[in-house]
Amino acid sequence: MFHTSAKSVGLTPKPLLTISGHKGVVNGIVYLPEGGGLVTCSYDKTIRTWNVESGEQEGMAMEHGGWAEGLVVTRDGKRIVSGSGPGDNVLKVWDLETHQPIAEWGGHEASICCIAMSPDNQLVASGENRGKIIIREMNSREDGRIKQAIETGCSMYSICFSPDGTKIASGHDDHMIRVFDVDNGDLILGPIEGHTKEVKSVVWSLDGSRLITVSFDRSIRFWDTATGKAISDPSKGHTGCINSISLSPDGTKLASASGDKTVRFWATDSGDPIGEPLQHEDCVWAVTFSPSSEFVACGEYGGKVSIWRVPSLSDLPAVTIPRPGFSIVVESVSSTDLQNVNQPSPAPPDNSEHVQVSCCGLFSRRRARSGTASVLPAIELSERATPTFNPPVPRGVTPSHPTAQNVLDLPPAVEPLSRTR
């Protein structure tokens, strides 16, 4: 796909490709099977497909009557299902080759804000911001027959099927996570408490044993799906609200997109940060991994899409600090690291509050238009201040033994950064 070396990339991660075309927030991105292209949706009411080599748009834009707020692609790469917001509130099925609509499904009484596809490709679920989840059959008749309609009781931001397709998890406005049975619609886990603000995105681990959630409270949290209990302390590092999280297809990494204008990477098993944050020019609303787990595509508030190389797990801190429920991974440590690991360094200034409020303020306006309560003040983006950002100081502790473990043999995105201050 892309051919870059560590030397050519330089010390600071840079995008491999930048794509312009959308005229509004890019809030959904999906890679096509085999990584041959991208599909994006935006508040400009369009769904677009892109060539990931050239960055050129392929075919005409597909249009909704309202904001395009949700997006999935069937696993055979032949169909796109998208959902719309105020003034439309419908699901549309598109032929990926012709970009023509095949079917249109109603049933929602409010803005469709999230869509998910079951692992076996047989079901598609859509969630609205008044709390209803509709699960439909994806069949050859394209009639969208409703299998289940679930009233969750609270506005939602995200839904995700479990790996075995029997459960669906949702993240809500009331700071809670809920898990429902797909067959009968019953609440089988939750409401799960822990986040202190809206739960913006939820994903399952590949084995289904954990849920990973992100929130406007700037935290990433891990939950035991058998008990609903937190597995560890939350992972933190973002200085703005977290809008999206993606699990790599190989299950080893997480990518989080934030209003602080960064995308950050985390080890799925430990929750530890990986590599350097990807610095963007605007608030980042969506992120997704490529099928190979080598790249991420990111969508910004201003409509820009960018593609970046994913750092290797070898870019973990020198030693991961064990936390309950997680295994210990010890990395090799250089002599320079050991000399400087305990040197004091100023903490990154937390001056991004304006960015957090500004980016999240758009959701307040969205809720207001849809007749639901606003939870954050609506402040125009022109009022936000551009934050300065210092990368967090890597955690480092002298290892008790010289064991070195290379967890995944992938080429690093950049040359190793010296920790010498």
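These figures come from a predicted structure and were not determined experimentally. Along the sequence shown, the residues carry numbers beginning at 1.
Using modelled atom types, no side-chain atom of Ser219 and backbone atom of Pro234 make a donor-acceptor pair closer than 3.5 Å. In this structure a side-chain-to-backbone donor-acceptor pair under 3.5 Å is present from Asn121 to Arg75. In this structure a side-chain-to-backbone donor-acceptor pair under 3.5 Å is missing from Ser246 to Ala255. A donor-acceptor pair under 3.5 Å is absent between the side-chain atoms of Ser306 and the main chain of Pro15, judged by distance alone. Side-chain N or O atoms of Thr74 include one that pairs as donor or acceptor with a backbone N or O of Arg79 at under 3.5 Å. A donor-acceptor distance shorter than 3.5 angstrom exists from the side chain of Ser248 to the backbone of Thr252, with no hydrogens or angles considered. At distances below 3.5 Å, not a single donor-acceptor pair connects side-chain atoms of Lys167 with backbone N or O atoms of Leu189. Side-chain atoms of Thr268 come within 3.5 Å of backbone atoms of Gly251 as a donor-acceptor pair (strictly under, hydrogens ignored). Checking side-chain atoms of Gln57 against main-chain N and O of Gly59 turns up a donor-acceptor pair under 3.5 Å. Side chain of Asp224 to main chain of Ala230: no donor-acceptor pair is present (N/O by atom type, distance under 3.5 Å, no hydrogens or angles).
Taken to the nearest 0.5 Å, the OG atom of Ser111 stands 4.5 Å off from the CG atom of Asn129. Here the CZ atom belonging to Arg130 is positioned 11.0 Å from the CD atom belonging to Glu151, to the nearest 0.5 angstrom. Here Thr46 contributes atom OG1 and Glu63 contributes atom CD; the two are 7.0 Å apart, rounded to the nearest 0.5 Å. Atom CG of Leu32 sits about 7.5 Å away from atom OG1 of Thr49, to the nearest 0.5 Å.
Contact annotation: the side chain of Thr166 never approaches that of Asp181 to less than 4.5 Å [non-hydrogen atoms, C-beta and beyond]. Between His108 and Ile134, the closest side-chain pair of non-hydrogen atoms falls below 4.5 Å. Side-chain contact between Phe180 and Ile188 is absent, with no heavy atoms from C-beta onward closer than 4.5 Å. In this structure, the side chains of Asn27 and Cys41 come closer than 4.5 Å at one or more pairs of heavy atoms. By the 4.5 Å heavy-atom criterion applied to side chains, Val39 and Leu71 are counted as neighbours. Contact of the Ile220 side chain with the Ile242 side chain is registered, since non-hydrogen atoms from C-beta on lie closer than 4.5 Å. Contact check for Val72 versus Val124: side-chain heavy atoms found under the 4.5 Å cut-off. Counting heavy atoms from C-beta on, the side chains of Val179 and Thr225 never come closer than 4.5 Å.
In Glu193, the CD atom is not crowded: 12 or fewer heavy atoms of neighbouring residues, nucleotides or ligands sit closer than 6.0 Å. Counting non-hydrogen atoms of neighbouring residues, nucleotides and ligands closer than 6.0 angstrom, the CD atom of Glu109 reaches no more than 12 such neighbours.
Closest heavy-atom contact between Tyr31 and Phe295: OH-CB, 3.9 Å. Shortest non-hydrogen contact noted between Ile212 and Ser205 is CD1-N, 4.0 Å. In plain terms, the two heavy atoms of Pro13 and Leu278 that are nearest each other are CB-CD2, 3.6 Å. In terms of heavy atoms, Lys253 sits closest to Pro311 at CE-O, 3.3 Å. Minimum heavy-atom separation, Trp67 to Tyr43: CD1-O, 3.1 Å. Looking at every heavy atom in both residues, Met62 comes nearest to His99 through CG-O, 3.5 Å.
Residues Lys78 and Glu97 are not paired through a salt bridge, judged by the lack of any N-O separation under 4.0 Å between the basic side chain and the carboxylate. With respect to the salt-bridge test (charged N to carboxylate O, under 4.0 angstrom), the residues Lys147 and Glu137 do not qualify. Looking at Lys92 and Asp88, no side-chain N of the basic residue comes within less than 4.0 Å of a carboxylate O on the acidic one, giving no salt bridge. Note on Arg218 versus Asp260: no salt bridge recorded, every NZ/NE/NH1/NH2 to OD/OE distance being 4.0 Å or above.
Side-chain atoms of Trp94 and Ser82 form a donor-acceptor pair, as typed in the model, at a separation below 3.5 Å. Side-chain contact, Asn51 with Glu56: no donor N or O sits under 3.5 Å from an acceptor N or O. Counting only N and O atoms by type, the side chains of His175 and Thr196 include no donor and acceptor under 3.5 Å apart. Side-chain polar atoms of Ser256 and Trp266 form a donor-acceptor pair below 3.5 angstrom. Using modelled atom types and a 3.5 Å distance limit, the side chains of Ser155 and His172 yield no donor-acceptor pair.
Note: Tyr301 and Trp285 have tilted aromatic rings, judged against thresholds of 30 and 60 degrees for the angle between ring planes.
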Under the criterion side-chain hydrogen bond (donor to acceptor under 3.5 Å, both in side chains), I'd like the reasoning laid out for Thr213 against Trp223: C-alpha separation, chi angles, the key distance, then a yes or no.
CA-CA 8 Å; Thr213 59; Trp223 312 92; 2.9 Å; yes

Where do Lys261 and Glu281 land on the salt bridge (charged side-chain N to carboxylate O under 4.0 Å, His left out) test, with the steps shown first?
CA-CA 6 Å; Lys261 303 184 181 182; Glu281 296 177 356; over 6 Å; no

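Here His280 and Trp308 bring their ring centres to under 6.0 angstrom of each other.
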